[in-house]
S.K.: 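The structure that follows is given in the form of structure tokens.
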Amino acid sequence: MKSNPTSLTHSLREPTRGSFPGVKESALDSDLLRALDREEIEVLFQPQFSGSTGAVVGAEALARWQHPTLGEIGARDLFAIAERAALVAPLSRHVVARALQDAAAWPDELSLSLNITPEEMGDPRFAADFAELIGQSEIEPTRLMLEITEDLLLRNLKQASEALGALRKLGFRTALDDFGAGFCNFRYLRELPLDAIKLDKIMVDGVPGDPKALAVLRAIIALARALELDIYAEGIESEIQRAAIISEGCEYWQGFLRAQPMKSDQVLELAKTARGRGHG
């Protein structure tokens, strides 16, 4: 029997998302619908830093659900539940609207990264609807980075390319997220209208001590440079890692080394401090 590439990717990466031992899926689905009605879904921001100056250059919007009995449910589980409950569109719209509202208070030099789901990209009206939503905010499209994952592209590469192309013409920037976590299909880099790639944490694990990990990192950076793509490194957790990826040519990075996901006002405060301006 022919395997489904999307299912295979998930099986290689992690256990089924959106499921919790002893909790009925139907109950979670109903809980999510109520959470949306009550606006209980929180949006936090993972700061991003310049490799050359250390300054805060922007942040990635991340959804969190503070469930009354299960505690915090992260974005991947949250969207898996939403997909099962056919609530991806309202959830994503809620997250984007909240993120835009919060980031409107940021200075113009700070960018905002937004994750785009496969369900959204699969809608032929996505590009037009998204542009209309952004048009209602106070943020210019040039300050926004739209992040897509390989899972999304496995479903419909042609449609994704067309939608991203239409949005880029309006000023949006685009990035291939979690690069290295899946099959690393280089065809995507050739055929998609991209501005950046974001290296998954797995791509920097072992750097600089592991010679093979360092060689792979160097090869990917050289490829990105040849394609004139910006390079973001995710999951930076030590000063050694940070120094290594910067010395190899990563322009931007994010990770727990300097900041965990935080609220919008904390992003502003961090950007104003010496550490947020690259002095610590």
Side-chain angles (χ1 to χ4, degrees), residues 41-66 71-79 95-116 139 143-149 173 175-181 195-208 217 221 230-280:
I41 306 299
E42 182 180 30
V43 178
L44 300 180
F45 300 89
Q46 176 73 63
Q48 298 165 331
F49 300 89
S50 165
S52 59
T53 69
V56 176
V57 294
E60 177 184 355
L62 302 170
R64 294 286 187 273
W65 179 13
Q66 296 296 337
E72 183 179 282
I73 296 177
R76 296 201 180 196
D77 282 317
L78 174 56
F79 274 91
V95 171
V96 170
R98 285 287 304 275
L100 290 171
Q101 182 180 10
D102 287 346
W106 299 356
D108 290 345
E109 62 266 23
L110 296 187
S111 64
L112 172 65
S113 292
L114 299 169
N115 292 283
I116 306 302
I139 296 183
R143 291 179 57 199
L144 298 175
M145 176 80 82
L146 308 183
E147 300 186 9
I148 60 172
T149 63
R173 301 178 70 234
L176 184 57
D177 194 15
D178 295 340
F179 192 79
D195 296 288
I197 59 171
K198 296 189 71 177
L199 304 179
D200 189 80
K201 183 180 183 298
I202 196 172
M203 297 293 287
V204 299
D205 283 346
V207 172
L217 177 66
I221 290 175
D230 289 337
I231 309 162
Y232 289 72
E234 298 181 291
I236 302 302
E237 297 180 352
S238 73
E239 186 59 37
I240 293 176
Q241 276 186 324
R242 186 192 71 84
I245 60 103
I246 291 172
S247 67
E248 296 299 332
C250 283
E251 289 98 340
Y252 308 101
W253 64 275
Q254 62 189 74
F256 289 176
L257 170 63
R258 188 167 290 178
Q260 297 194 26
M262 59 183 61
K263 294 185 177 181
S264 176
D265 57 350
Q266 294 174 304
V267 174
L268 275 175
E269 288 304 311
L270 177 62
K272 294 175 182 177
T273 65
R275 292 179 74 239
R277 291 198 289 267
H279 302 291

S.K.: Any sub-3.5 Å donor-acceptor pair from R98's side-chain atoms to L44's backbone N or O?
M.R.: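 Not at all, since once roles are kept as given, no pair shorter than 3.5 Å links the two residues.
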S.K.: Whether the E60 and Q48 side chains hold a donor-acceptor pair (N or O, under 3.5 Å, no angle test) is what I'd like checked.
M.R.: no
S.K.: Looking only at non-hydrogen atoms, find the nearest pair between I139 and A104 and report the distance.
M.R.: CD1-N, 3.8 Å
S.K.: Quick check: do Y232 and I197 have side-chain heavy atoms less than 4.5 Å from each other?
M.R.: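 No; the side chains remain at least 4.5 Å from each other.
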S.K.: Once you round to the nearest 0.5 Å, how far does CG of D230 lie from SG of C250?
M.R.: 11.0 Å
S.K.: Between L78 and I41, is any pair of side-chain heavy atoms under 4.5 Å apart?
M.R.: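 The answer is yes; the side chains approach within 4.5 Å.
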S.K.: Return each pair, listed once, that meets salt bridge (charged side-chain N to carboxylate O under 4.0 Å, His left out) where at least one residue sits in residues 237-248; pairs must be two or more places apart or across chains.
M.R.: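 Sorted pair list: R218-E248, E239-R242.
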S.K.: Do the side chain of T53 and the main chain of S50 share a donor and acceptor less than 3.5 angstrom apart?
M.R.: no
S.K.: Suppose the criterion is salt bridge (charged side-chain N to carboxylate O under 4.0 Å, His left out): which pairs have a residue in residues 47-58, not counting sequence neighbours?
M.R.: none
S.K.: Taking the ring of W106 and the ring of F45, is the distance between their centroids below 6.0 Å?
M.R.: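 Under 6.0 Å, so yes.
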S.K.: Taking all atoms of both residues into account, what is the closest heavy-atom pair of I246 and G51, and its distance?
M.R.: CD1-O, 3.3 Å
S.K.: What's the verdict on side-chain contact (heavy atoms from CB on, under 4.5 Å) for I245 and I221, showing C-alpha distance, side-chain angles and the deciding distance?
M.R.: CA-CA 10 Å; I245 60 103; I221 290 175; over 6 Å; no
S.K.: Using the salt bridge (charged side-chain N to carboxylate O under 4.0 Å, His left out) criterion, which residues pair with E251? Sequence neighbours excluded.
M.R.: none
S.K.: Hey, does the side chain of R143 reach the backbone of L110 with a donor-acceptor pair shorter than 3.5 angstrom?
M.R.: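 Here the side-chain-to-backbone pair exists.
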S.K.: With side chain to side chain donor-acceptor pair (under 3.5 Å) as the criterion, how do Q66 and E72 come out once you've worked through the C-alpha distance, each side chain's angles and the decisive distance to 0.1 Å?
M.R.: CA-CA 4 Å; Q66 296 296 337; E72 183 179 282; 3.1 Å; yes
S.K.: Q254 and P47: which non-hydrogen atoms are nearest, and at how many Å?
M.R.: CB-O, 3.3 Å
S.K.: Once rounded to the nearest 0.5 Å, what's the spacing between atom OG1 of T149 and atom CG of N115?
M.R.: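 Going from OG1 on T149 over to CG on N115, the span is 8.0 Å.
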S.K.: How far does CE of M262 sit from CG of L268, to the nearest 0.5 angstrom?
M.R.: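 It is 11.0 Å, given to the nearest 0.5 Å.
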S.K.: Using the salt bridge (Lys or Arg N to Asp or Glu O under 4.0 Å) rule, take D178 and K201 through it: C-alpha gap first, then chi angles, then the decisive distance, then the call.
M.R.: CA-CA 8 Å; D178 295 340; K201 183 180 183 298; over 6 Å; no
S.K.: Which heavy-atom pair separates R258 from G54 by the least distance, and what is that distance?
M.R.: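 Where R258 meets G54 most closely, the heavy atoms are NH1-O, 2.9 Å.
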S.K.: Return the CG to CG distance between L217 and L199, rounded to the nearest 0.5 Å.
M.R.: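 Result: 6.5 Å between the selected atoms.
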S.K.: Within the structure provided, determine whether D205 and Q241 are in side-chain contact (heavy-atom separation under 4.5 Å).
M.R.: yes
S.K.: State plainly whether the residues K198 and E234 are in salt-bridge range, i.e. N to O under 4.0 Å.
M.R.: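 Between E234 and K198 there is a salt bridge, with a charged N closer than 4.0 Å to a carboxylate O.
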S.K.: One pair to check against side-chain contact (heavy atoms from CB on, under 4.5 Å): D200 and D177. What are the steps and the verdict?
M.R.: CA-CA 7 Å; D200 189 80; D177 194 15; over 6 Å; no
S.K.: Got a second to check how far L146's CG is from L176's CG, nearest 0.5 Å?
M.R.: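 CG of L176 is found 13.0 Å from CG of L146.
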S.K.: Start with the C-alpha distance between L62 and V43, add both sets of side-chain angles, then the distance that settles side-chain contact (heavy atoms from CB on, under 4.5 Å), and finish with yes or no.
M.R.: CA-CA 6 Å; L62 302 170; V43 178; over 6 Å; no
S.K.: For L112 and A99, which heavy atoms make the closest approach, and how far apart are they?
M.R.: CD2-O, 3.9 Å
S.K.: Run S111 and M145 through side-chain contact (heavy atoms from CB on, under 4.5 Å) and show every step you take.
M.R.: CA-CA 7 Å; S111 64; M145 176 80 82; 5.7 Å; no
S.K.: Does atom CD1 (I202) have a neighbourhood of more than 12 heavy atoms from anything else shown, all under 6.0 Å?
M.R.: no
S.K.: What heavy-atom pair brings L257 and S238 nearest, and what distance separates the two atoms?
M.R.: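 Nearest pair, atom of L257 first, then S238: CD2-O, 3.6 Å.
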